[in-house]
Amino acid sequence: MERRPVDVVVMSDMHLGTYGCHAQEIVNYLKSIQPQILVLNGDVIDGWQFSKRYFPVAHMQVIKEIMSLLSKGTRVIYITGNHDEVMRRYSDIQIGNFQLTDKMVMEINGKMTWIFHGDVFDATTKGSAKILAKLGGHGYDLLILLNRCINWMLKLVGREKMSFSKKVKNSVKKAVSWIADFEQTAAELAIKKKYDYVICGHIHQPQKRVIETKDGSVTYLNSGDWVENLTALEYAHNEWTIYQYDAKNFNSSNVVEMSKKLPQLNVVTEEVMMFQPEALNSRVAMAATPFFHFINQTL
């Protein structure tokens, strides 16, 4: 597939390392784009539910594709979220085209864009409430796994897929109200700061809408997630759009199957991996001569 040139791509809530992550779909999408800037807006690797017993090769290939974009000149900005909050101790470092931070303000064609994950507005991710949030995360992961099994059976009988988690969110008035409050809070702060756009993740709810208050207006955007919605934000041709993944547009990229049996370690080799120029070898020998002379004198 020929890569599409895109100015900016924002992806969030991939939750690598969990059963709910659609790693194959992420790989397909990353192989289809060539962005100038790729913003990973939090919860990329799920540190809350991470287990060394479950990290399939497809999940590792997501990281490989991100590294591949880095090598092709894409600037990658990793904004920390609550599930990968362990990265926050290393915030504000930059290595080549890679930058790790907690928030970002970008000027794009004269428009100020404020980007952060959004968990700062979520009281359930702080203090003692975090314990319940982590337990809820495990329950959510199991629900997603059950949902996949049921969707597999629905596909066999020719029925459409369904999302339990979406139905739960949409049916619980408190959840709907919380999402609305989240969006309103982010928008009000952005308006006070005179920003034109505010971009979040965290709530797994893709969105693009203008929010107005008595102090002004701002365009609120949310990149959604790659667990339920499979969405991203793309900026091209002077406009932000919500990208919706559609499997019909892709031929799945090959991913090596994960083997439960570890390969046998073999360190025997005849291959020469490094070659030192003769001039360097002579300098090393000259530097070592006084040392060997001292050893001979001592003996």
Side-chain angles (χ1 to χ4, degrees), residues 3-4 6-18 20-50 55 58-106 108 113-120 125 186 197-207 221-236 240-245:
R3 292 179 180 268
R4 291 186 294 112
V6 190
D7 296 329
V8 185
V9 170
V10 180
M11 303 175 69
S12 69
D13 299 274
M14 300 181 192
H15 292 276
L16 296 174
T18 67
C21 173
H22 286 260
Q24 178 66 74
E25 288 80 357
I26 299 173
V27 170
N28 292 342
Y29 175 61
L30 289 174
K31 281 181 172 289
S32 73
I33 57 172
Q34 185 60 60
Q36 294 183 34
I37 299 174
L38 172 62
V39 180
L40 305 173
N41 196 12
D43 290 0
V44 177
I45 298 177
D46 197 318
W48 284 12
Q49 301 178 66
F50 183 82
F55 202 85
H59 293 219
M60 184 59 71
Q61 189 165 339
V62 172
I63 298 174
K64 175 182 174 294
E65 292 305 323
I66 293 171
M67 299 298 290
S68 177
L69 288 173
L70 265 171
S71 68
K72 289 181 172 68
T74 296
R75 182 183 175 190
V76 176
I77 302 170
Y78 191 134
I79 296 176
T80 58
N82 53 304
H83 284 257
D84 46 20
E85 61 187 353
V86 67
M87 303 288 286
R88 285 177 173 164
R89 68 183 67 181
Y90 310 111
S91 289
D92 299 321
I93 66 169
Q94 185 163 348
I95 304 172
N97 287 343
F98 177 81
Q99 183 178 358
L100 178 69
T101 186
D102 298 328
K103 56 188 178 298
M104 172 68 63
V105 177
M106 301 171 61
I108 307 176
T113 305
W114 183 27
I115 311 174
F116 60 99
H117 183 64
D119 58 294
V120 66
T125 64
Y197 297 94
V198 56
I199 298 177
C200 299
H202 187 58
I203 59 175
H204 295 206
Q205 194 79 13
Q207 183 64 269
L221 296 140
N222 195 296
S223 47
D225 66 284
W226 288 85
V227 176
E228 302 174 78
N229 298 290
L230 279 60
T231 54
L233 294 173
E234 295 184 351
Y235 184 84
W240 283 102
T241 57
I242 297 175
Y243 172 86
Q244 176 68 62
Y245 181 89

Using modelled atom types only, decide if a donor and an acceptor are shared between the side chain of W226 and the backbone of T231 within a distance under 3.5 Å. yes

Please name the pair of heavy atoms, one in W114 and one in A186, separated by the smallest distance, quoted to 0.1 Å. CZ3-O, 4.2 Å

Residue pair L233 / T241, side-chain heavy-atom distance below 4.5 Å: no

How long is the straight-line distance from CD1 of I108 back to OH of Y197, given to the nearest 0.5 Å? 8.5 Å

Is the ring pair F55/H59 parallel, tilted or perpendicular, if the boundaries are 30 and 60 degrees? perpendicular

Looking only at heavy atoms, which two atoms of P206 and H204 are closest? And how far apart? CD-O, 3.8 Å

Distance from I115 atom CD1 to I79 atom CD1, nearest 0.5 Å? 5.5 Å

Y245 side chain near I26 side chain, heavy-atom distance below 4.5 Å: no

Would you give the length of the straight line joining atom CE of M14 to atom SG of C21, rounded to the nearest 0.5 angstrom? 8.0 Å

Over all heavy atoms of both residues, which pair between L100 and M87 is shortest? Give the atoms and the distance, please. CD2-O, 3.6 Å

Please check: side-chain N/O of Q244 versus main-chain N/O of N229, any donor-acceptor pairing under 3.5 Å? yes

So does D13 get a backbone contact from the side chain of D225, meaning a donor-acceptor N/O pair under 3.5 Å? no

Does the side chain of S68 come under 3.5 Å of the side chain of K64 through a donor N or O and an acceptor N or O? no

Check D84, I93, T101 against Y78 for a side chain to side chain contact (heavy atoms under 4.5 Å, CB included) and give me the one that passes. D84

Polar side-chain atom of R75 near backbone of P35 as donor-acceptor pair, under 3.5 Å: no

What distance do H22 atom NE2 and E228 atom CD have between them, rounded to the nearest 0.5 Å? 9.0 Å

With respect to V9, which candidate in Y235, Y243, Y29 satisfies the side chain to side chain contact (heavy atoms under 4.5 Å, CB included) definition? Y29

Distance from H117 atom NE2 to R88 atom CZ, nearest 0.5 Å? 7.5 Å

If we ignore hydrogens and angles and just use 3.5 Å, is the side chain of S12 paired with the main-chain N or O of G224 as donor and acceptor? yes

Point-to-point distance, once rounded to the nearest 0.5 Å, from CD of Q205 to SG of C200: 13.0 Å

Mutual orientation of the aromatic rings belonging to H83 and W48 [parallel < 30°, tilted 30-60°, perpendicular > 60°]: tilted

Less than 4.5 Å apart, side chain to side chain, heavy atoms only: is that true for V76 and L40? yes

Kindly indicate whether the side chain of L16, heavy atoms from C-beta on, has any atom under 4.5 Å from the side chain of V44. yes

Could you tell me whether the side chain of L69 reaches within less than 4.5 Å of the side chain of R3, counting heavy atoms only? yes

Looking only at heavy atoms, what is the nearest atom pair of G201 and S223, with distance? CA-OG, 4.1 Å

Please determine which of D102, D119, N41, D43 meets the side-chain hydrogen bond (donor to acceptor under 3.5 Å, both in side chains) test together with T80. D102

Any idea which heavy atoms bring T74 and N97 closest together, and the distance? O-CB, 3.6 Å

For residues A23 and V62, report the shortest heavy-atom separation together with the two atoms involved. O-CG2, 3.7 Å

Check the surroundings of atom CE in M106: do more than 12 heavy atoms from other residues, nucleotides or ligands lie under 6.0 Å from it? yes

